[in-house]
Amino acid sequence: MAVLSSGRPLVLRVPGVMTTEVGSETDVKKEPEKVPEVQQHTEQPDKPADSTASASSDPPQEESRSAEAGSDQEATASPEPSSPPAAGGQKKDKGISRFLPPWLKRQKSQSQDKPGESAAPPKQESEEVVKEDQEETSQPKEQEEDGGGAEHSEEVKEAREEVQPEEKEKDEEKSIGSADTQPVREEKEGESEVKESDEKEENEEEKKEEEEKEEQQVVQQEASVPSTLKLNKKMKMVVCHVTLLDGSQFSCEVEKRAKGQYLFFQVCDHLNLLEKDYFGLSFKDNAEQRCWLDPTKEIKRQTRNSQWQFSFSVKFYPPDPSQLTEDITRYLLCLQLRQDIASGRLPCSFVTHALLGSYTLQAELGDHDPEEHRLDYISDFQFAPNQTKELEEKVVELHKSHRGMTPAQADAQFLENAKKLSMYGVDLHHAKDSEGVDIMLGVCANGLLIYKDRLRINRFAWPKILKISYKRSNFYIKIRPGEAEQFESTVGFKLPNHKAAKRVWKVCVEHHTFFRLVSPEQPTKTKFLTLGSKFRYSGRTQAQTRQASSLIDRPAPYFQRTSSKRISRSLDGAPVVNVSDYSQAAGAGENGPALELNSDSKSPQVEVVEKPNADAATSIASETAFETDDASERKSKLRVQGENIYVRHSNLMLEDLDKTQEDVLKHQASISELKRSFMEATPEPRPSQWDKRLTGSPATSLRLQAQGSLEEELTSLFLSKACFSGLAGSCSTAAAPAEASQGSAQPEVPQKSPPHPGTDSRDASQPPVVKTEMVTISDTFAAQKTEISTKEVPIVHTETKTITYEAAQLDGNGDGEPGVLMTAQTITSESLCTTTTTHITKTLKGGLSETRIEKRIVITGDSDIDHDQALAQAIKEAKEQHPDMSVTRVVVHKETELAEDDD
Amino acid sequence: MAGLMSGFGCFTHAVMRAAPRSLARDALRSGGQEVDLLKVQEEHEEYASVLKHRLGLEVLELPADEAMPDCVFVEDAAVVCGDTALVSRPGAPSRRRETEAMKSALTELGLNVVEMTDESATLEGGDVLFTGREFFVGLSKRTNQRGAEILADTFKDYAVSTVPVQGALHLKSFCSMAGPGLIAIGSSEAAQKALKIMQQMSDHKYDKLTLPDDSAANCIYMNLPGKGDVLLHCTPEEFPESAKVFEKLKDHMLIPVTNQEKAKVDGGLTCCSVLINKKKNI
C-alpha cells in the first residue's frame, strides 16, 4: 500500500491562528499568539460579508482581480533593487517595449493591470502575497504562480514565523537563479517541514525571469503575426491554435491579455457546443506534461508555449454519458475516447476494442456496405494501440450487426460500453509511495485511485478524504479514520517534481468540486484566513451543468462526423443548421470555490482527530418546545470569529458495511455542504451564500463569555429541509427499513445501539434503517481543556460523527433507493461555554431528499447568561447556518448546577 | 445486443474433472482429516448432475489424473471471463500440471486462451472473485502480486484490486458472489476484513449476504435462461445456520449441494467447476 501510515508524522500544521489548535498539545502553547488576530478579526465584522456580496456579484473577475492584486502587491512589496524606476516607461508604446529590458516590461504589465482590472480594494493582499510568494517554483517559468500559486501558504506563513533567517537565506541562496531548484529541495525535504522557506525574493527573481521570457515569446508571436492590430497598443492580438478532437485545427486571434475562458468560449462557439463544462483546453508544458488552461487566468501567464498551441479535450468524463443532453456533446466525448483508446490511455480487451471500433464505424460510415466496404476501408481508423488484422476483421464483423443504427445511436452505444471500462475518466499521474515504489495516482469522479502496475492497490473515495495538499514534490491526502482507527492518517505520495505535485492537487480539487459538490464553493477571498491557494475550480459542477443542460432547447445542431462528413441525424429530429447565440450562461459564473479539501492552507477545520468513545449526552432535552419562525431572525454574523477551532472527526461510522462510503457521493453533496458550513461557520466568517442572505449578529458574545459552568442551557433545534433531488429516482417511505429485495436478507439485526467506535462492526447490513444517535462530548474534551494554558480565547472542540446508510444499489449507479436514509451524521462541537451537537439525517423519498438537522446546544456559563438571548442566539445561528431550512422545533432544557470552581 | 459486462452469471458450459483415487490420501489440506473417497465421488456426481440435468449446462468432464490428487478442483487452474480464459499458474507446485488438461479443454471450447508463463507468478482461481464489474484477487499463499498483474493484463476492461487473504486458503474460501452485486461473505474476522477492503477498493456498491460459516459463503450463482437466479449453496446438514440464511433469498432458485467431504480437503462449491458462457455477449 502506498501509505505513509497514520500516526501523524505528516500532519501539516496550520499557520497563524489556526496553527495553535490544530493538532496536538504542543501547539497549545502558542495560543496567546492568536489573540491579536482574533481581535483583529472581530473588529471588522462587516467587511467579509460586504465583500462577499460584491465578489459574488461579479465572480468571474474576482479571482483575476485578486490574482493581480497579488502580483501587484508582490511587485511593490518586494524590494527589487535591480529594477529601475520603471514607472515612466510603462505606458510607452508597445512597439518600443520590445526594445526595453524585460524587467521594464514586467513593470509595465503590472501597472496596466492595476488601473484596469484590479479595482478591488487590496484587502486581502498581504495574505495573498504570502501565498503567492511562497509558491515554490521548480521551474522558473512557471507562470501560473500569480494566481494559482498560493497553495502552500499554510506552511509558508508558518515558515515566516518559525524559520530562522539563516535558513531562509540558505534556501534562497540555493534557489536563486537556479533554473531547477527541485533537486536541492528534495534533498532538504527530510530535514523539516517547517523549513519551507520564505521564498519571496526567490520567486520575485523567478517571476521576473518568467515574465521576461514570456514577454519575449509574445513579442515573437506578434512579430510572426502579420496583423495591423499589433500597432494598436490596446489590442495586441495573438493567434491561438487549438487542436480539436477530430484532429482539425482551429485558430483564432485573441487579445494578448485574454483569459483562458475567452479562448475556450471561442472554441465552443466554433464547435457549437453548449454542454461545455465537461471540456477544457490543455497545453503541454516544458516537460511535455499536459496542463489545463485555467479559464479565469490570462492565457499568457499560463502557457509559455510561443505557439499558443492548445488542445480541446474532455476534462471531466461524465460517468453516465446518456445523461448528456445533446448528441453533439456525446459525439465529442466519443472522439476523445477514441483517442484515449487508440493511444492506450484507456486500456481495453480485444473484444472491447472490436466492439467500440464497430460502433465507431457505424457512426462514421453508416451501415456496412459489402460493395463499398472492403476490409481496407477501415484502415483509416485506429481502434487500438496495436491494431491487428484479426481485430479489424472482428470490427467489421460486428459492424455488420449494427445495421440501421443512426450515428447518434452508435455513439450512445459506444459510450455505454466505454463508460464501464475501469480506466474510464481516470486521470493518471506517476508517483512513488513512501517507500519509493512506483505507483500511479488516478483521479476520477469518485475519488483517488492508487495503482501499482495494473493493479488497484488502494482507493480513496472523496468522502474518505478530509484534506488534500501538496508541498514541494509531495502530494498528501488526509484520510478520515476508519471505524476501528483512532486517528486520521495522512498519506503522502512523491511526485516527480513540484509541478507534478501541484498538478495532481489541482486535478483533485477540480474533480472533487465538479463531481461531488452541488455548486462550487464561494470565493475564499473574504475569509478571515485566506491563506490557501486561490486556485479553485471555477466552472460549473456536474450538477449545475446538468441542470443548465436540461434547459437546452435548441433543435439538435448540425455537425459533421469527420470521416464521412455525413450530416448528423439526431435521434429525435432533423438537422437544423446553425443555431448560434444560445445564451446559456458560461461556465464562468462561479469563482474560487473553497474546498474542504483544500490546499495546505487555510482551513482550521480540518485538523481532525478521532475521538473514540464520545460519551452519551449528559443531559437530555425536551422540556419545552416551541416554534419559531424565520421572521424572528435578525441578521447575524458568524458565530465565532477568530476562535481557535479544534475539529475532531470521529469516524465512529456506523456505516453499514454493505454500503461503501463513496456512494453517498452524489447524494451527500448537500449534506456535506451542511456539515462543512457547520464546521466552517464556527471558525471563520463564512462568506457563503448563506451569509449573503443573512446578516451579521454578535453571536460571538455567547462563546466569549467567561468560563465556569454554573448553568447549562440546552437547546435542541430541529431543522428540516426537503429539497427536490434530481438524482433520486424512486419513491417509498423514508426511515423505514426499506428492504432491498435483492437478497440481502441478513441474519443479524441491524439495529445497533450506539456505536462504539472500536467495536462496531460487522453487520449492520440490513437494508438501511434509520438510526439516530446523539453524542455529546464530555471527558475527553475536558481533559483537553485543561491542557490549554490560557483561557482568553475560547477553544472550540468539534467532533464530527458520520453515520451513513445508503440504499442498496445495483450496478454502482449512485442513485439511492427510495425512502432510505442516505446519511446521518452527528457533529458535536464544544467550546468552553457551549456544546453543540448536530445531528443530520438525510432521507430520500420519492424524489425528495429530506434533510433533518437536529442541534443540541449546551450552553454552559455563569449566571449572567441571558437565557432568552442565548436561545435566540442559538436559533439565529442555526438558521444562519441553514438558511434554506426552517426551524421546526425548539426544545429548551435548563439546568443549573454549582460549579466546583472555575479553573 | 448486449454490451460489455452484461450477463453476469450466464453460463452455458462447465468444465469439471473427476476425482482421482489419490485425492483421499494425497490431496493438500489444511486440516488433517480423513477423506472418504467414495463420498467425494458421490458428491461430485451429485454436483455434476445438478449442473447437467437440473440446470442444463453442458458439462465437459476431464478424466482424473492420479498424479494430481487435487485435480478435481478445476477452478484453480483457470479464470474464465467472457470469451477469454487465463490459464493460471497454481501456487502449489504439486498442482502446476493440472493446467495442461484445462488449457486444452478451454482451447477446444473456442476460448481465447492466455497462459501465465511468468515463472515468478502464481495464481489460483480460488483467489479470484469476479463480481461482474471487477475482479478482486486475493493475495494468499497460493497467489502473488505478479499473478494478479497478469490477470489484470488479461482482462483489461476490468478493475483488478488486490485483497490480502489471511487465515484462509483462498479468497473464495470465505466469499463468493450470490447474485449480481451481492457478495456472500463469512462471519470470521478475516472474512469481514477482506470484505471491507473490497468495499473500500470498489467504485461499485455491493450488498452482502453474511453467513455464519465462512465455508458456507462459498456458493455458486448463475443466471440462466428460463430459470432466473440460481444459487448452489451448502446443505442444512453441513451448515444449518447458514442454510437458513440462504433460504431467505426468495427470488433465487436455491439448490443445496453437499460438499461435506470435499470440504475436508479445503474444497468449496466453486472449486469443482469452471463456468463458461459460450453464447456470445457481443
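Below, read A as the first sequence line, B as the second, and so on, with proteins coming before strands; counting in each chain starts at 1. Note that these values count all heavy atoms, side chains included, but never hydrogens, waters or copies made by symmetry. The structure presented is a predicted model; accordingly, all values stated were derived computationally and were not measured.
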Considering residues, nucleotides and ligands other than Lys419(A), do more than 12 of their heavy atoms fall under 6.0 Å from its NZ? yes
Side chain / backbone / both / neither for Leu346(A) at chain B, heavy atoms under 4.5 Å: neither
When you check the gap from the basic side-chain N to the acidic O, do Arg89(B) and Asp76(B) get nearer than 4.0 Å? no
In terms of ring plane angle, is the pair His511(A) and Phe515(A) parallel, tilted or perpendicular, where the classes change at 30° and 60°? tilted
Looking at residues at least two apart in the chain, or sitting in another chain, which of them share a side chain to side chain contact (heavy atoms under 4.5 Å, CB included) with Met440(A)? Leu428(A), His430(A), Tyr451(A)
Would you please go through residues 142-151 of chain B and name the residues with a non-hydrogen atom below 4.5 Å from one of chain A, in numerical order? Gln145(B), Ala148(B), Glu149(B)
With Phe11(B), which residues qualify under ring-ring contact (aromatic ring centres under 6.0 Å, His included), at least two apart? none
Rounded to the nearest 0.5 Å, the CZ atom of Phe414(A) sits from the CG atom of Leu356(A) at a distance of 5.0 Å
Side chain of Glu124(B), backbone of His170(B): donor and acceptor closer than 3.5 Å? no
Where do Asp367(A) and Gln362(A) land on the side-chain hydrogen bond (donor to acceptor under 3.5 Å, both in side chains) test, with the steps shown first? CA-CA 6 Å; Asp367(A) 292 346; Gln362(A) 183 69 22; 2.7 Å; yes
Positions in residues 108-121 of chain B that reach chain A, provided some heavy atom is under 4.5 Å away: none
Heavy-atom pairs under 4.5 Å with chain A, option from Thr154(B), Asp153(B), Val163(B) with the top count: Asp153(B)
Between His233(B) and Phe246(B), what is the ring plane arrangement, given parallel below 30°, perpendicular above 60°, and tilted in between? parallel
What class does the angle between the rings of His402(A) and Tyr359(A) fall in, given that below 30° is parallel, 30 to 60° is tilted and above 60° is perpendicular? parallel
